[in-house]
Structures are given as C-alpha cells and as structure tokens.
Amino acid sequence: MAKIELTASEQPCELKEAAPPPAGQPLVVGFKSVTKTFDVGTERAFTAIKDVTFSVENIPNIGEFIGVLGPSGCGKSTVLRLIAGLAPQFPATSGSVMVHGEPVVEPGPDRGFVFQDYANFPHRTVLDNVAFGLECRQVPQKERHERAREWIAKVGLDPKKDALKYPHQLSGGMNQRVAIARTLIMHPRIILMDEPFGALDPTTRQRMQDLLVSLWRELEATVFFITHDVPEAVYLGDRVFIFSPSPGTIAHQLAVAPPDRPAREMQQEPAFLESVRHVRSLLDKLEAEKTKPTST
Amino acid sequence: MFKSWWKRALTIRDAPSYAEGLVFGAACIGFVLFVWWLLTVGEGDARLVDAYTLPSPGETFASFPELWKRGLSLSIVISLGRVIGGFLLAMAIGVPLGVVAGSYPRVNAFFKPLVIFGRSIPIAALIPLTMVWFGLGEFNKVMFIFLATLAFVIFDTVNTVNAVPDRFIDTAYTLGAHGSRKKGARIAAMAGVIYGLLIMIGWHVLSESNGNGLFAETPGPAESTWAAQLFTTAGFIRFIVGFVMGFLLWFPIAGHQVLRKVIFPLALPDIVNSLRLIFGLAFGYIMLAEVVNAKTGIGALIINSQRRGFNEHIYLCLFLITMVAWGIDRSIMLLQRQLFPHIKHGEN
C-alpha cells in the first residue's frame, strides 16, 4: 500500500485543551469550579475535590465515553456521586453541577450508577434485580419481566437458566452483567461507573469491556468510567480525565482513539501501547509531585 | 488408625463428620446421666445425695405420668401462650419502630433514651410493678413479657437496619426508587386493620372483669355471647386505637420504595434471627413471672412441686422446658431457611 492512512488508533493521544463550553447548547454535564469539603469548619475538614471544571458537550446521537484516572483518594468517586446526586458527597460545597442544563437536585434513573461490588439485591432473583427500576416506575409485572429477560440476554446471560437464580449463585463477572443490565434497562442518558471491573480477572475484564462498548454504542449514552487500569481507560475512552492527588482537580484532559476493535486485539497494538505509556508518565508525574516535600 | 484419628482430633478447626459429632454429643449426655446415677445410687444413707435433694434418674423419669396428670400439657400451652402474646405485641411495635428509627437517625435519637432505659432495667424489678399496673391476671403476664422484650426488639432491629450497606440504598435511588404515599397508605391501612382486630380481640381474651375473657374465674351471664361482648363501644374504640397505631407504624415503611423494597427486606433475615434469640429470653422471663405469681403455667407447676415436695417434678420440668425451647428455636430456624432462600444460616 502506497499511502498509509492514519487511522484513529494509530495516532497517539493528544492533549486537548479544556475548551470553553460552546454557548447556547446545553451541556450533558457541566462542572463549574466545584469544590466539596466534608465536615466544614471542624478539625476534620477534608477537601475531596477542589475547583473542578469540565464540560461534556451534547453531540447528537453519540454519547461520549470518558475514562477517569487518578491516584487513589483523589476524589474521582466524589465527581461521579455529585453527578448522580448521592449523599454525603452531594450537594457540593461550592460551584455548580449541571446535568442537561439543569442543576442536580436528587438521584434519578436518568443517571445510572454501576458500583465495583455490583450491589445486586441479594433477596431478589436476577430477573427481579434487572426489573427493579421498572418496578419502581410501576410498570406491570408481565411487561417488566419481558423487558428484563431481553436485557438479561443482551448482557450475555441465559434468560432461561439464569433469570431465577439469586446473586449469591453467580460469579463476579455474571453479577456485574446483572448490575449493568439493571442500570441500562432504564435507558439512562448518563451512565456512571465506579471501577466496575476492578474485582474481575483479566480475561473476564476484557470480555466485559467489549460487552460494554457494544451496549454503549446502542444506547448513545454518555459514560463516566472510573478505573485504575490505564489500558482500560485508554481503550474505552473517547476522552480521559486525569485527576491530581487530593484535593482532586482535573490535571489533564486527553482525547484518545475510540475502541473500534475488540479489546484483546486493540490492546496489543504499538500505537495503543504508546498512548498507554504516555498516560502512565503523566500519572507518575502527578504522583511524584504529591510525594515531593512541600516547601514552607 | 487411632493415631491418625488422634492427630486430627488435635488439629485446630478440624471438623468431624456428622456421625462423629453426634457420638460426642451423646457421650456428654451419657456422662451427665452417669454422674447423676453415681450420686443417687443405693438406698438410704448409702446414697451420696439424698432422695429429696436429688432423685435418681429412674425416679425422675418414672414420675412423668404423675406430672402429666397434674396438668403438664395445659401448663405448657398456657406458658407458651403468655410468652407468644407478649412477644407478639413487642414485635408488632418494636420491629416497625426499629426499621423507621434505623432509617431516620432523628427518630432513633428521640427513642434512644427509652431504649437504653428499657434495656438496662432489671427485669425482675418489673414483676412487682406490672402487678401494680396490670393486676394479677393474664394481662399482667402478657404486659410483663411485652415490657421486658420491647426495648431489645427495637435495639436489635435498629442495629440490623443500620447494617444494611449504603450501596444498596444508593443503587435503589439511582434506579428511581422514590416515596409512594398512595401505595404506602393502602398497605398501612391494611396493617392498621390487622392491628385493630388484634388489639380488640386480644383485650377481650385477656380481660377478666364481668366474667368476660377466657380466664375469668366466674362465668359471664349466659345470654351475652362472645360476639356481643366484642362489638361494644369500648371494643370499637380499641379497634380504632389499634388501627391508628398500625397505620402510623407501617406508613413510613410502606410509603417509601427504598424502605419497602430494599431496607426492610434486606434487614428482615437478621431481624428474624434476633427475634428468635429474644424469644428464647422471653421464655425464661415467663418462668420468673410464673414462679412469683401465678396459679397456672410451668413456672407455677415448678413452685407448687417444690412446696409439695415433688422435687423430681422440678427436674422433669426443667428438662421439658429446655426441650420445648430448643424445639421452638429449631422450628424458627427451619422457617428461616424456607423464608429466606438467599441466606446461608449458621447452625448456632
């Protein structure tokens, strides 16, 4: 081939400037100098995030996938919980948190949340776990079970064999599939994932990454995905946010190649590995700054 | 063969087979019986312990028909009835109150002083007080059990509710769980009707004035039927009181999806478990109350046996009480397995 086409995955990730939000169009998520301090005014006062500003634009028919990286305890989860409206992180101490142009008031099914430890209700079968959100919305039982079965199949479980099992009868990967189905059945515009694959073994993890990519394409939702795994963030993300150590702020926003091939394949390529190396060096630099003795 | 067995026996946490465990349990019973037999073998002065203080195993078990004739089965039923009555009341109030207090810390802060007081009060001191407040009859026994166990039921329920991990509640919220007053009111009204009927009928059963009630000493006038006595103005007022109580206790739980669908069902297995333990306690308390003041019940049977010198009956009663308590404990555990298939239950 004479002309080498530069495909998206071959270009190493580029630094993207935190562009000012385009006027007029409501943002999917907008943070404006958001600070969260716990126990304000006491000796235990602790600032989890400080002056966090970012915006996710509304691209019609396409949701953005944002990987969130950063050292432990830097307030990544705080950002997600502020978007979800979950206490005690919500409400923010100062600044404004806007979702679809409106300030966040309370949690709701338009912002789905997937936790690391799945949090499947142990007293409900897989079917009733997946149907929980519809049940809360008073969808009649027959309809909600039908739709739950569809979603059980979509996440790669057997709607016949697995639907009536309890969470304690499933493996970690299967439980996380249930949790994902339970969140996505509500068709959230925003999906918040806090280290969802952190407890899974590498093989299961890659399979789950592929599953997530395919489901996300279909749903066209905006995804925030916290992880400690740099390749995972680079593979899944359109953008990667890198947080500085506590009190957390967004130190870098990078645009990376979208996941257009299966995880196992793409994560072996030189361009991909180059991107990962670059992100790692940025993270290491942030960590080094943290451990450096502060001058008084 | 023996050497390898001995080595396993000395291994920390080496679990024996079911049969081997049974053998060890049987060995303990055999040992106790042997010591008992040793202490009581022989006649007259040859015995280590005289027949009055400690009858021999044979004498004790041989006296069973005599004890049965003294109304053993009825005594057990009466004692159990008192415990169940008082405990049901403590449960009916303590469990919903505990769930609400566990979910709303301000409610908990309000009731905390009362709960601490109720848990720390010496139970035996309640007996004379309940006699002053509720007389000497059945009402007294039921209220004694109620007062003795209520604080424990509330305290344990609050703790189990607090133990429900936050992530389940967060998940429920992000899936859209919300307050649902209409449905809550419907369910709470049903609970109210049940509470009202229980209070109305329960009061009637326990009351001993005017020859009403099951335990009245003098029969009531023949022409007034049970139903006619039940549906009086006073009965209606009792129903209303019960209805309001049931409605207020259950509305906060039924009226919010997070409580109804997540917190309450998740806490329930542990609530039932602690209720099982508290029921065991209550069974002990009723003996105390019956020994002090009762004409019927196992406690009364024991104290009468002692007064009349039938000491072998006391030993037999103790044995039977433990059997009944153990049997109830086991049946509740079996029930737990049926009710909560998603939980693995401990063997203790």
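Only this structure's heavy atoms are used, side chains among them; waters, hydrogens and symmetry mates stay out. All chains are named by letter (A, B, ...) in the order of the sequence lines, taking the proteins before the strands, and each is independently numbered beginning at 1.
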Trainee: Can you give me the closest heavy-atom contact between B:G176 and A:P109, atom names plus distance?
Mentor: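 For B:G176 and A:P109, the tightest heavy-atom pair comes out as CA-CD, 3.6 Å.
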Trainee: With a 4.5 Å cut-off on heavy-atom pairs, point out which of A:P167, A:G133, A:A119, A:A84 contacts chain B the most.
Mentor: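 Top option by heavy-atom pairs under 4.5 Å: A:A119.
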Trainee: More than 12 heavy atoms of other residues, nucleotides or ligands under 6.0 Å from NZ of A:K165: is that the case?
Mentor: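 More than 12 within 6.0 Å, yes.
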Trainee: Between A:H123 (side chain only) and B:K261 (backbone N and O only), is there a donor and an acceptor less than 3.5 Å apart?
Mentor: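 Answer holds: yes.
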Trainee: Measuring from atom CD1 of A:I83 to atom OG1 of B:T174, what distance do you get when rounded to the nearest 0.5 angstrom?
Mentor: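 Reported value, rounded in 0.5 Å steps: 13.0 Å.
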Trainee: Do other residues, nucleotides or ligands put more than 12 heavy atoms under 6.0 Å from A:R189 CZ?
Mentor: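 Open: at most 12 neighbouring heavy atoms sit under 6.0 Å from CZ of A:R189.
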Trainee: Evaluate A:Q116 against B:R167 for side chain to side chain contact (heavy atoms under 4.5 Å, CB included), listing each step before the verdict.
Mentor: CA-CA 10 Å; A:Q116 178 178 355; B:R167 61 178 197 274; over 6 Å; no
Trainee: Count the heavy atoms of every other residue, nucleotide or ligand shown that sit under 6.0 Å from NZ of B:K183, and state whether that count exceeds 12.
Mentor: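 No, because the 6.0 Å sphere around NZ of B:K183 holds 12 heavy atoms or fewer from other groups.
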Trainee: Is chain B contacted by the side chain of A:N120, its backbone, both, or neither, given a heavy-atom distance below 4.5 Å?
Mentor: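 Contact with chain B involves the backbone of A:N120 alone.
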Trainee: Would the number of heavy atoms belonging to other residues, nucleotides or ligands and lying under 6.0 Å from CZ of B:F110 be above 12?
Mentor: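 No, CZ of B:F110 has 12 or fewer neighbouring heavy atoms, counting only those of other groups under 6.0 Å.
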Trainee: If you count heavy-atom pairs under 4.5 Å with chain B, which of A:R111, A:Q138, A:R182 comes out on top?
Mentor: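 Highest number of heavy-atom pairs under 4.5 Å: A:R182.
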Trainee: Under a 4.5 Å heavy-atom cut-off, does chain B meet the side chain of A:R124, its backbone, both or neither?
Mentor: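 For A:R124, the side chain is the part near chain B, not the backbone.
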Trainee: Counting only non-hydrogen atoms closer than 4.5 Å, does A:F132 touch chain B with its backbone (N, CA, C, O), its side chain (CB onward), both, or neither?
Mentor: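 Contact with chain B is through the side chain of A:F132 alone.
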Trainee: Mind ranking A:D117, A:L134, A:T183, A:T125 by heavy-atom pairs under 4.5 Å with chain B and telling me who comes out on top?
Mentor: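 So the answer, after comparing A:D117, A:L134, A:T183, A:T125, is A:D117.
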Trainee: Restricting to non-hydrogen atoms, name the atom on A:M186 and the atom on B:L175 that form the minimum distance, rounded to 0.1 Å.
Mentor: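 Reported closest heavy-atom pair: CE-O, 3.9 Å.
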Trainee: Can you tell me which portion of A:F121 sits under 4.5 Å from chain B's heavy atoms? Options are side chain, backbone, both or neither.
Mentor: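 Contact with chain B involves both backbone and side-chain atoms of A:F121.
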Trainee: With a 4.5 angstrom heavy-atom cut-off, is it the side chain or the backbone of A:E106 that approaches chain B, or both, or neither?
Mentor: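 No part of A:E106 comes within 4.5 Å of chain B.
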Trainee: Pick from A:R137, A:R81, A:Q169: which one has the most heavy-atom pairs with chain B under 4.5 Å?
Mentor: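 Max contact count across the listed options: A:R81.
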Trainee: Does atom CZ (B:R181) have a neighbourhood of more than 12 heavy atoms from anything else shown, all under 6.0 Å?
Mentor: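 Open.
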